[in-house]
Amino acid sequence: MCGIVGIVGKSNVNQALYDALTVLQHRGQDAAGIVTSHDGRLFLRKDNGLVRDVFQQRHMQRLVGHMGIGHVRYPTAGSSTSAEAQPFYVNSPYGITLAHNGNLTNVEQLAKEIYESDLRHVNTSSDSEVLLNVFAHELAQRGKLQPTEEDVFAAVTDVHNRCVGGYAVVAMVTGYGIVGFRDPHGIRPIVFGQRHTDEGVEYMIASESVSLDVLGFTLIRDLAPGEAVYITEDGKLHTRQCATNPSLTPCIFEHVYLARPDSIIDGVSVYKARLRMGEKLAEKILRERPEHDIDVVIPIPDTSRTAALELANHLGVKFREGFVKNRYIGRTFIMPGQAARKKSVRQKLNAIELEFRGKNVMLVDDSIVRGTTCKQIIQMAREAGAKNVYFCSAAPAVRFPNVYGIDMPSAHELIAHNRSTQDVADLIGADWLIYQDLPDLIEAVGGGKIKIEHFDCAVFDGKYVTGDVDEAYLNKIEQARNDASKVKTQAVSAIIDLYNN
């Protein structure tokens, strides 16, 4: 899960890129980067940390140019050192920088091809750098001193032919323009829009529509699966379908947790989708326990609030804010290491005792992944005096790892993997646990004005839409993703960084 942005403007875009990244900060808190282009030169700043910490005034003053791209990152593949921060750069051809949201499932094969056939060197373990080198190689194959939009689109076509996985990309070709493209399945989101200024029309590409809204850009539309958009430095917009057999199967977890509720993804309002999730949950509760004794519905802030409100409305039960959130603690889902997650929950949330004392409480969360967070929250509710603590997940049971850009843990670290609902309820300490049914989630997200028939629901049903994910691949990523491996990797990376500095 990362956030990407690209802007072709009529004046310096450094501040606009910064503002867009702050709006996309929820998509990654590990690192941030911006690169701009001016008079054929590139100006880059990237480092570990939040946007506000990475960019100081002195950095912003150096980021000159009316064209640039930006990125916020959390580690999906590779370690969390500053060397992995994006955008990445290659000097040939033209000087290309690239930022990427997603994950390539055939990265090992590509890395071998890049070295043996393309004769290119990859300096990190990031699949984003591999993707950059594939795109750069294919653009170089056109053999042009000055690339045209036809050359750019041909290169994207070749990228689609070689790369497998989920990816949304912005890339800047120094002195020529910015290109954005989306994988042929449309797994990861990407949109583009425009705004009119006294100097002319400016264009923006981003992960979510909310970043366009905040900066005063009008959303044109989402990029279709396999489609590319190319905006030249002088502000001409070109689009082209670059995939042979595109098929829209977006990641449904974007609507459950990842995206902001004020975003629109593939024409679907995230906010309305979450409202419908609450409706579906209420219907299931009334089917299973028509004589329920729920006194109050309390959301676990922030992403579950919308579903919880609609759930309470349909049940005719009071909705209350029972937890106060410390907004200076990052999203626990994307914190590496189990110890850090456990510690952060108590720092992040505090219970309002009067909303719990003597009541049968229904807690609502967007999903249950490891179970660590909800177990502690249930314990907090009991300590605050709750009579019974029920727990409701707006998503089905997460039983399988994600391989398309969300760094979920290995299967054996997922609390619902090979366990029944009652098993999970016992482990997290809930008196009653209810999951959303997958058909209901699909209908909630895809059942609006714009109908989406198929989603990537692999974390729930284990069906990976790219068709190349097998048991051997999952075993390999399990070795890479388990918490012990991450702690070791980060410790080694910290030593390397200390030595280099």
Side-chain angles (χ1 to χ4, degrees), residues 1-9 13-36 45-55 60 63 68-76 80 84-88 97-103 128 166-172 178 180-182 187-193 195 202-220 222-223 229 250-251 253-266 269-271 302-303 327 330-331 333-335 405-407:
M1 184 175 81
C2 298
I4 58 174
V5 60
I7 298 176
V8 176
V13 295
N14 51 356
Q15 187 63 53
L17 289 167
Y18 176 94
D19 292 342
L21 291 183
T22 60
V23 176
L24 295 172
Q25 186 75 84
H26 62 286
R27 299 190 68 87
Q29 303 164 7
D30 181 66
I34 291 175
V35 60
T36 58
R45 166 64 181 171
K46 62 179 182 176
D47 203 351
N48 282 0
L50 300 175
V51 175
R52 66 172 184 239
D53 298 323
V54 171
F55 302 102
M60 296 296 291
L63 293 172
I69 63 175
H71 186 265
V72 286
R73 173 188 185 272
Y74 94 112
T76 51
S80 58
E84 306 290 337
Q86 298 183 39
F88 284 113
T97 51
L98 179 143
H100 162 226
N101 173 32
N103 192 59
S128 302
Y167 51 90
V169 175
V170 288
M172 181 167 63
I178 288 178
F181 56 92
R182 191 180 190 187
I187 297 172
R188 301 262 68 88
I190 182 170
V191 299
F192 66 102
R195 70 178 177 187
E202 299 180 321
Y203 291 97
M204 179 175 175
I205 308 167
S207 291
E208 293 184 34
S209 64
V210 62
S211 53
L212 277 68
D213 299 339
V214 170
L215 272 71
F217 283 78
T218 300
L219 174 67
I220 296 176
D222 299 77
L223 278 181
V229 56
C251 175
F253 212 72
E254 289 279 352
H255 291 272
V256 171
Y257 173 81
L258 300 182
R260 277 182 42 156
D262 44 349
S263 284
I264 297 173
I265 299 177
D266 294 310
S269 164
V270 176
Y271 175 76
D302 283 314
T303 45
R327 300 187 180 280
R331 299 179 92 174
F333 174 78
I334 36 181
M335 284 188 177
I406 308 172
D407 195 21

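Everything quoted here is computed from the prediction, not taken from an experiment.
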Side chain to side chain contact (heavy atoms under 4.5 Å, CB included), that's the test. Do Asp213 and Asp262 meet it? Break it down for me. CA-CA 9 Å; Asp213 299 339; Asp262 44 349; 5.8 Å; no

Full working for side chain to side chain contact (heavy atoms under 4.5 Å, CB included) between Leu223 and Val229: CA-CA 8 Å; Leu223 278 181; Val229 56; 3.9 Å; yes

Let's go through Ile69 and Gln86 carefully: what are the C-alpha distance in whole Å and the side-chain angles of both, what is the deciding distance for side chain to side chain contact (heavy atoms under 4.5 Å, CB included) to 0.1 Å, and is it a yes or a no? CA-CA 10 Å; Ile69 63 175; Gln86 298 183 39; over 6 Å; no

What do the steps show when you test Leu24 against Glu208 for side chain to side chain contact (heavy atoms under 4.5 Å, CB included), and what is the final call? CA-CA 8 Å; Leu24 295 172; Glu208 293 184 34; 4.1 Å; yes

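Judged purely by atom type and a 3.5 angstrom limit, Glu254 has no side-chain atom pairing as donor or acceptor with the backbone of Ile265. Counting only distance, with no hydrogens or angles, the side chain of Arg195 and the backbone of Leu215 share a donor-acceptor pair below 3.5 Å. Under the 3.5 Å distance criterion, the side-chain polar atoms of Lys46 are matched with a main-chain donor or acceptor of Pro87. In terms of modelled atom types and a separation under 3.5 Å, the side chain of His71 and the main chain of Ala85 share no donor-acceptor contact. With hydrogens and angles ignored, the 3.5 Å screen pairs no side-chain donor or acceptor of Arg45 with any backbone N or O of Met60. A distance-only check finds a donor-acceptor pair linking the side chain of Gln25 to the backbone of Val51 [under 3.5 Å]. The backbone N or O of Tyr257 lies less than 3.5 Å from no partner atom in the side chain of Thr303, so there is not a single donor-acceptor pair.
For the side-chain contact (heavy atoms from CB on, under 4.5 Å) with Phe181, the qualifying choice from Val170, Ile190, Val169, Ile205 is Val169, the only one to do so. Among Leu21, Val13, Val23, the one residue that satisfies the side-chain contact (heavy atoms from CB on, under 4.5 Å) test with Val5 is Leu21.
Between Leu17 and Leu63, every side-chain heavy-atom pair lies at or beyond the 4.5 Å cut-off. The shortest distance between side-chain heavy atoms of Ser263 and Val191 does not fall below 4.5 Å.
Residue Ile406 comes nearest to Arg188 through the heavy atom pair CD1-NH2, 4.0 Å, listed as atom of the first residue, atom of the second, then distance. Across every non-hydrogen atom of Pro189 and Asn101, the tightest pair is CD-ND2, 4.3 Å. The two residues Ala32 and Val72 have their closest heavy-atom pair at CB-CG1, 4.2 Å. Nearest heavy atoms, Tyr74 versus Gly405: OH-O, 3.8 Å. Nearest approach of Arg182 to Pro250, heavy atoms of both residues: NH2-CB, 4.4 Å. Across all their heavy atoms, Gly49 and Val54 have their closest contact at O-CG2, 3.7 Å.
Within the model, atoms CE of Met1 and CZ of Phe253 stand 9.5 Å from one another, a figure rounded to the nearest 0.5 Å. How far CZ of Arg52 is from OG1 of Thr22: 11.0 Å, rounded to the nearest 0.5 Å. One distance of note links CG of Asp47 with CZ of Phe55; it measures 9.0 Å at 0.5 Å rounding. Here CZ of Arg73 is found 7.5 Å from CG of Asn48. Values are rounded to the nearest 0.5 Å. Rounding to the nearest 0.5 Å gives a distance of 10.5 Å between CD1 of Ile7 and CD of Gln15. Interatomic distance, CD1 of Ile4 versus OG of Ser207, reported as 4.5 Å (0.5 Å rounding).
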